[in-house]
Amino acid sequence: MRHRAVSIRKSAAGAAALLGLLCSVAGADAQTLNNALASAYSNNPNLNAARAQLRGVDEGVAQARSGWRPQVNVTVNAGHSSTYYRNPALSTHQNTASGGVQIDQPLFRGFRTVNGTRQAEAAVRAQRESLRSTEQAVMYDAAQAYMDVIRDTAIVSLRRSDIKFLNEQVRAARDRFQVGEGTRTDTAQADARLAAAQSALNLALANLNASRAVFRQVIGVEAKSLVPDTMIRRLLPKSMESAIASGIGSHPAILAAQHNIDAAAFNVKSIEGELLPTVSLQGNLTHTLNPAAAGTYDSSSTAAIFGHVNVPIYQGGAVSSRVRQAKEELGNARILLDVARDQVRAAVVAAWGQFQAAEASIVAARSQVEASQLALNGVVEEQRVGQRTTLDVLDSQRELINAQVTLVTAQRDSLVSAFALVSAIGRLTSENLRLNVARYDPVEHAEKVRDKWFGLRTPDGR
């Protein structure tokens, strides 16, 4: 009996030590949290899709700037005409061909090109902030997936330790029953508790498999030896007030909303430009081949240049309606900025509260584990001298396992809520996390396509 009590204490001590490491064994191929975040930064499809979307928005600037450039068209016409009379000698057959080049150069478009370019540039800036929001969401999802695998791995280890403990209790109950010191009730209680522990282990394994699948989905690689080392706490604000101020001042959702207001304002001006006169210069060069005498052709060339001034008087009210519509969209964009500020503030307050609660839960859970461990050791000793029953030992073991699971969950929640808080204030980026990655530069692609006059290939060769 003393041998079993010592074995029980060693098993419980091993489980407690396991909590300190969150069941992670750092080997030569250990996968740190920063490595996982770097993999997510490079591989996550949602982040790559957001980058592709930004590259598409970049083309809006090139399209707007095309209003400064000439349009060149080439036309070619060729045909045959026949005229028949009763007198065949009078019938005629004629082949004609002509070709021409027309150049249209806009000179003034009611400031639509200027305002359209500024609108497109504001849209690009807004989309860059949206990309930052997506990056933050991916970093948070990756951290959460990473910590979920660690938590579920720890819980599986605790459940297996529980089964090992209960197996010893089942054998001890049967031994006592065989020598007449116990009852069938003790054996049945131990068997029932062992079956429940096996069910809990099966559930823990299922949760671990699900967490590993999410890890693979978000981060792009399989989960191996995970080590929860992170410097995320250095990015945490010192108070809730500073967190709110930081979030409202630099969160990408708010910055994107501000740029959307600029884009909506320039859209109003661009549509109003349709009510102003337009001035353009048009040049034409035409060459025509006409038949003359039999077997000969006569050709002619014509060159012309014209200036065109178009003054809109009335367009049926369509342009006026579009101006009013654009003004309403501008008002909507301003309201959405207030909505974004309120959402960021609420997210910061919620994340701050969750982080504080998780930190307090760790302290309470550690105390609970220590107390439950002492209680289990005492109950085992009391059972040895006949002052406690098998059920008392089983209940104490269950309380210890539950406390250990609570501690593991609290430790996971603390780190995840820290990431949530950093994301809520807009700092959860690869630069702030100091990830060892080749960072995506959104300006590089924008500069390459901004002044591109022609070409169907994208800058990366597609």
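Computed from a prediction, not measured in an experiment: that's the story for all the values here.
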From CA spacing to verdict: side chain to side chain donor-acceptor pair (under 3.5 Å), Thr429, Glu135: CA-CA 7 Å; Thr429 61; Glu135 178 184 345; 4.9 Å; no

Taking C-beta and beyond as the side chain, do [X] and [Y] meet within less than 4.5 Å on heavy atoms?
X	Y	answer
Val227	Leu33	no
Asp148	Phe215	no
Gln31	Val221	yes
Met231	Leu433	no
Gln102	Thr75	no
Trp68	Val114	yes
Gln127	Ser130	yes

[atom1]/[X]: more than 12 non-hydrogen atoms of other groups inside 6.0 Å:
X	atom1	answer
Arg439	CZ	yes
Arg234	CZ	yes
Asn436	CG	no
Gln71	CD	no
Arg345	CZ	no
Glu328	CD	no

Can Asp58 and Leu54 be said to form a side chain to side chain contact (heavy atoms under 4.5 Å, CB included), step by step? CA-CA 6 Å; Asp58 288 340; Leu54 173 58; 3.9 Å; yes

Is there a donor-acceptor contact under 3.5 Å linking the side chains of [X] and [Y]?
X	Y	result
Asp104	Ser280	no
Glu359	Ser414	yes
Thr32	Asn35	yes
Asn48	Arg51	yes

With sequence neighbours left out, the residues meeting side-chain hydrogen bond (donor to acceptor under 3.5 Å, both in side chains) with Asn284 are Gln282

Pair Arg341, Leu337 - check side chain to side chain contact (heavy atoms under 4.5 Å, CB included), show working. CA-CA 6 Å; Arg341 285 175 176 151; Leu337 174 58; 3.7 Å; yes

Could you check whether any side-chain N or O of [X] sits under 3.5 Å from a backbone N or O of [Y], counting only pairs where one atom can act as donor and the other as acceptor?
X	Y	answer
Glu329	Ala264	no
Glu129	Gln258	no
Ser417	Asp413	yes
Thr153	Val149	yes
Asn402	Arg398	yes

If you round to the nearest 0.5 Å, how far is CG of Leu421 from CD of Gln356? 8.5 Å

Output the distance between atom CG (Asn44) and atom CG (Asp141), rounded to the nearest 0.5 Å. 7.5 Å

In terms of ring plane angle, is the pair Phe111 and Phe108 parallel, tilted or perpendicular, where the classes change at 30° and 60°? perpendicular

For Gln119 and Ser270, what are the C-alpha separation, side-chain angles and deciding distance, and is it a side chain to side chain donor-acceptor pair (under 3.5 Å)? CA-CA 8 Å; Gln119 177 189 357; Ser270 180; 4.8 Å; no

side-chain contact (heavy atoms from CB on, under 4.5 Å), paired with Gln404, selected from Asp162, Leu158, Ile155, Thr409: Leu158

Residues Asp395 and Arg193 bridged, charged N to O under 4.0 Å: yes

Would Arg427 pass as a cation-pi partner of Tyr140, given that its NZ or CZ must be under 6.0 Å from the six-membered ring centre and within 45 degrees of the axis?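 Verdict for Tyr140: no cation-pi partner in Arg427.
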
